[in-house]
Amino acid sequence: MTFKNPVTTASGCFGYGEEFKDFYDLGLLGGIFVKAVTGSNREGNKYPRMAETPSGMLNSVGLQNKGVDNFCKVIYPKIKNFNTEIIVNVSGSTIDEYVMVAERINELEGIPAIELNISCPNVKEGGMAFGVVPSTATKVTRAVRDVYKKVLMVKLSPNVTSISEIAKAVVDGGADVLTLINTLLGMAINAETQRPVISTITGGLSGPAIKPVALRMVWQVFKAVKIPIVGLGGIMNATDAIEFMLAGSSVIQVGTANFIDPMVAPKIIEGINEYLDRHNIASARDIIGALKVC
Amino acid sequence: MTFKNPVTTASGCFGYGEEFKDFYDLGLLGGIFVKAVTGSNREGNKYPRMAETPSGMLNSVGLQNKGVDNFCKVIYPKIKNFNTEIIVNVSGSTIDEYVMVAERINELEGIPAIELNISCPNVKEGGMAFGVVPSTATKVTRAVRDVYKKVLMVKLSPNVTSISEIAKAVVDGGADVLTLINTLLGMAINAETQRPVISTITGGLSGPAIKPVALRMVWQVFKAVKIPIVGLGGIMNATDAIEFMLAGSSVIQVGTANFIDPMVAPKIIEGINEYLDRHNIASARDIIGALKVC
Amino acid sequence: MKKFAHDFKVVTNNRLNTRHFVLELQAALPLPEILPGQFVQVLVHNSPPTFLRRPFSIHFVDYAKNTLRLLVQVKGEGSRHMGLLQTGDNLNLVYPLGNAFSVPSSNKVLLVGGGAGVAPLMFMGDYLNRKNLRPDFLVGFRSGDEVSQIDEYSKYGKVFLSTDDGSMGEKGFVTQHSVFKQTPLPYDRIYCCGPDAMMHAVSKLAAEKGVPCEVSLENFMACGYGVCLCCIVQTDKGNERTCIEGPVFDAARLKWQSNG
Amino acid sequence: MKKFAHDFKVVTNNRLNTRHFVLELQAALPLPEILPGQFVQVLVHNSPPTFLRRPFSIHFVDYAKNTLRLLVQVKGEGSRHMGLLQTGDNLNLVYPLGNAFSVPSSNKVLLVGGGAGVAPLMFMGDYLNRKNLRPDFLVGFRSGDEVSQIDEYSKYGKVFLSTDDGSMGEKGFVTQHSVFKQTPLPYDRIYCCGPDAMMHAVSKLAAEKGVPCEVSLENFMACGYGVCLCCIVQTDKGNERTCIEGPVFDAARLKWQSNG
Ligand SMILES: Cc1cc2nc3c(=O)[nH]c(=O)nc-3n(C[C@H](O)[C@H](O)[C@H](O)COP(=O)(O)OP(=O)(O)OC[C@H]3O[C@@H](n4cnc5c(N)ncnc54)[C@H](O)[C@@H]3O)c2cc1C
Ligand SMILES: Cc1cc2nc3c(=O)[nH]c(=O)nc-3n(C[C@H](O)[C@H](O)[C@H](O)COP(=O)(O)OP(=O)(O)OC[C@H]3O[C@@H](n4cnc5c(N)ncnc54)[C@H](O)[C@@H]3O)c2cc1C
Ligand SMILES: Cc1cc2nc3c(=O)[nH]c(=O)nc-3n(C[C@H](O)[C@H](O)[C@H](O)COP(=O)(O)O)c2cc1C
Ligand SMILES: Cc1cc2nc3c(=O)[nH]c(=O)nc-3n(C[C@H](O)[C@H](O)[C@H](O)COP(=O)(O)O)c2cc1C
Ligand code: FES
Ligand code: FES
């Protein structure tokens, strides 16, 4: 599959795209990674689900969604004709659930790829548990690979000792593309009430605060594996996006930044083009992994 | 050992304390964790060693110091009579080096404790390598425990899948106190020059950006082990310090904040006292681990 | 409905009292249609601790001057910083967001507000007047020195006043005001905005008296336009988004206990 | 030497040209003794991308007015934000930091500066005048429209001027200026501050001509007061801290190639 440009939007930060039609033409985007889809309806975690932190935020949404059946029947028909690539973020609590969802999405003609979310820190079972141990990461990837015939992306958790080890395990499982990073596990406390700010105590940290960690992981994985990388984590502007591409990302995702500026994704597309012009670089492809280290 | 108050300063962010005598009376502090000391002289990493990041910074100093012999003969006599606790941050590349340094520091009467740094991300061998694998974490702790007779603190790396597993491993090795966290491994890129900002490509992320991760780890470890915790990571003011105490820290360290405001540590001491007064809490001890989670 | 992210110019910043101020903001392009109950997401520039936008109800819309107003209570860094804005400064808003109060079919309407929660009621009063309806207002404040803009509200309808300490109007919470002592309540609908506890109390009272009640919630928000799922409230339909399905909800549909 | 972290009040903010401005800042308490070559660490309030302080040389000290001046070139967010400061605004400084230029024993002194690197030379000129010494200045700018404050420098000594494009003074870099064509060089000591490449070139030339040279480095700093070890420069003694052992170094002691 190809993207018309390297700028896409991150799962959980862009809904199913529909809300952003009120702001701009979605056809401008390279692609949209829609909100996590699970086997059946999930109410998600209790309110409050977020906390603001220095240059970032914690969330604990907990995969709220109406399930894959609803996705296929209600949501898919509304979004399949967006003039951009739609990738479904597939989540679950068991390998069977991941497989079941992937099988159903496999049938949808308008969806060229799935992004296997083995890195959600905000659900009790499943999610991140799969993504932090190499053997289970391989196992769930392989199980989905067996049933999913199109492009299989796997989204990695940064909450690990060695991201390249996990990346290799997922490549062993048959992934075509790696997405990194999901959120860092964090916590916020209200000193006045002496209580955690979010209902689940801990949640996922996103935003510019995590950019240095994300860039480092993209770089480490870029050196460790040969498949393409979708990079994200704190991208707020074109400069950030370019840094992720230099570190080895073929495509980038914009997540939390959508909350600060709903127009940010088109602005990043423009900014990358200006950068390429200014540096006399023919194509965005030419800066992928082009970091000069000596 | 006891501290006159819970506010101390973090290793690598306060030199040997001397520079801060130009700003305030060091006797105000609960304690000072001095810069890492290694077996012999280290020149550290090449310039540039730092990058500014959103709400934080990367550093890659690489344990520059003149070695333990110089510490004992030249530095110790100058600092031993500071009217506050002086704790030495002990680093090394091999277990033998850690042991050798600890043995030498053990002889210094005015030093009540060492902080074993098994978490420095900025040196090639040793440092963090010891701190991210439970078995080696136990091993180095035990080796030092055998020769060090006073209070043994061990400083943990946040770059791990399970901080509580590492914490338990270090407790097994005989640690008396745990310090957490050291820096998160990160990276910064200059998009214009297409080069890494710091000479070592990756470095250690500190400052408010990492506070949510640090708080989460303190809380997880507080629930997992029974020994006292020294908490740090992005503490900029009294509210942050109180959050770390609520999460389970008996003592807190102020690191990067010293660079933004050299007067910050005394201000935090004052702010904690105001908080305790305002909430009618008799002693700072009463808020340690007092987070209300139901 | 089309939404925008635009810079507005501060026309005036009027301090009402130590904790409240009103910003009048002018748009560069003609304002779209805005409904009472809707809100904006404010980008607090240059305040280092303020990463996310801050939601504020639309306090008033003046299409002739192409301005809208926000009534802001100083809570933390974001609102404090907004209080420092001066004439001519820029402020970026995402707007108009959320649903709106329903349009009542009769004159017999009570608008209940507490503290900064009165914000959307001014706009609602003006809106109802334009539809030839005159509501009653019941507004509560902490104490007399926070009472403000009563003359303004009076333009749009009769105003009942209460303060917690009794220093102006009737003493006590709005739910203790004599307006609510009437049986039956002479209203066909109540619209309420204020602190959670107040909205809960008002909606309970309204239910007891058999009067439909709408409340405007102030749940914490990340995006404000429906994509993050952080602002959810439990209703009879499960989790709904305060920023899209709300902020105005039929009080009878809410499961209050679980809300924060 | 005692150091302080204090709020200063902006007295004036004078734009010199599109890229440079001079801030005059007044202390609330009497200024301590400050030496030419020393610097301050500026806290850039309310600029979200600016986390660390920013180091700036002390451009001038006026003990009578209890003020000091900074000459600032706009580079990134921090300096841009400082350019927006207005009379009466506060700016927090940590000061005085670093060592200082040596005090020469003769009149035959050349102060060489390029761009914003001229900053400490004004203070040095004044300082030398008070010691009854009159230095020569050699100042280089990108082009004529960036040349500024020549009258000021002229008060303290003779001024030679060069611009890269030749639009004012001699054309070329300072090292190409006719001052340096003299043999032997009529100076006992050269003091230099500016871009790294310029300082390197000047120090090489000075070495060739056998004239001692001091340079003021602008290494990136986190703390500015000796504790972070981020600002190091390789010298004949190993790694030294630019903020404590410097910023002024005897050029002959530096290992240039490794510096950045
Ligand atoms: C739809 C809507 C309309 C609103 N209309 C108005 C209005 O018209 N006028 C008005 O004054 N206010 C209004 N508010 C409230 C307003 O948005 C907040 O007061 C404002 O965001 C506070 O920002 P701050 O930076 O000043 O304070 P902050 O420092 O952000 O917070 C103040 C307090 O709230 C707590 N807090 C903040 N975020 C969270 C969270 N995610 N979880 C738990 N606790 C948290 C903090 O701990 C702190 O005690 C409205 C809110 C909503 C959702
Ligand atoms: C002792 C001393 C005295 C100085 N005196 C003066 C003076 O009198 N006048 C003056 O105008 N300037 C002076 N400077 C330089 C001044 O400190 C910088 O120009 C200023 O800090 C830039 O801040 P900024 O936020 O505007 O730019 P930034 O956005 O911080 O940076 C501008 C550029 O520098 C690069 N950069 C920043 N930090 C790093 C880093 N750690 N590693 C690699 N690249 C980096 C960025 O990539 C960017 O291209 C002095 C510096 C020192 C150390
Ligand atoms: C509110 C919120 C909800 C999210 N939901 C999902 C999700 O459903 N699936 C997923 O893979 N990632 C989810 N994420 C993670 C983001 O896709 C992204 O990996 C992370 O936020 C880091 O990128 P950012 O810093 O650009 O936001 C969510 C993030 C946020 C902030
Ligand atoms: C410049 C710098 C140097 C550091 N050097 C050391 C060190 O020598 N030994 C050590 O254990 N930690 C070192 N650290 C880590 C800090 O002690 C601390 O663990 C970390 O910065 C997180 O705390 P903070 O966010 O409050 O700075 C260093 C940190 C910085 C920023
Ligand atoms: S605030 Fe994001 S969905 Fe409501
Ligand atoms: S800047 Fe910290 S030691 Fe020099």
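Chain naming here is simple, since letters A, B, ... match the order of the sequence lines and numbering starts at 1 in each.
Scanning both residues, A:Asn59 and C:Cys230, for their nearest heavy atoms gives CB-SG, 4.5 Å. Across A:Arg49 and C:Leu229, no two heavy atoms sit closer than the pair NH1-O, 2.7 Å. Of all non-hydrogen atoms in C:Ala5 and A:Asp261, the two that sit nearest each other are CB-OD1, 4.4 Å. Across every non-hydrogen atom of C:Phe51 and A:Gly56, the tightest pair is CD2-O, 3.4 Å. Contact between C:Ala222 and A:Met50 at its shortest, heavy atoms only, is N-SD, 3.4 Å. Between C:Phe220 and A:Tyr47, the closest heavy-atom pair is N-OH, 2.8 Å.
A:Ile260 has its side chain within reach of C:Leu43: a pair of non-hydrogen atoms, C-beta onward, lies under 4.5 Å apart.
When the candidates C:Asn92, C:Ile244, C:Leu52 are compared by the number of heavy-atom contacts under 4.5 Å with chain A, C:Leu52 comes out ahead. Options A:Cys13, A:Pro262, A:Gly44 differ in how many heavy-atom pairs under 4.5 Å they form with chain C, and the most are formed by A:Pro262. Interface remark: of the candidates A:Asp22, A:Val61, A:Asn41, A:Ile198, A:Asp22 forms the most heavy-atom pairs closer than 4.5 Å to chain C.
Only the backbone of A:Lys21 comes within contact range of chain C, with heavy atoms under 4.5 Å apart. Only the backbone of A:Thr53 comes within less than 4.5 Å of a heavy atom in chain C; its side chain stays farther off. Residue A:Phe20 touches chain C through its side chain alone, counting heavy-atom pairs closer than 4.5 Å.
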### Full working for side chain to side chain contact (heavy atoms under 4.5 Å, CB included) between A:Glu19 and C:Arg241
CA-CA 13 Å; A:Glu19 286 82 359; C:Arg241 295 167 295 184; 2.9 Å; yes

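If you look at C:Tyr225 and A:Phe259, their ring centroids are not closer than 6.0 Å. A centroid separation of 6.0 Å or more is found between the aromatic rings of C:Phe4 and A:Phe23.
Contact check on A:Glu52 versus C:Arg53 returns no salt bridge, with no Lys/Arg side-chain nitrogen under 4.0 Å from an Asp/Glu carboxylate oxygen.
Taken from SG in C:Cys228 to CZ in A:Phe14, the straight-line distance is 13.5 Å, to the nearest 0.5 Å. Between C:Lys2 atom NZ and A:Tyr24 atom OH the span is 11.0 Å, to the nearest 0.5 Å.
Within 6.0 Å of atom CZ in C:Phe173, 12 or fewer heavy atoms from other residues, nucleotides or ligands are found, so the atom counts as exposed in its surroundings. Heavy-atom contacts from other residues, nucleotides or ligands closer than 6.0 Å to NZ of C:Lys3 number more than 12.
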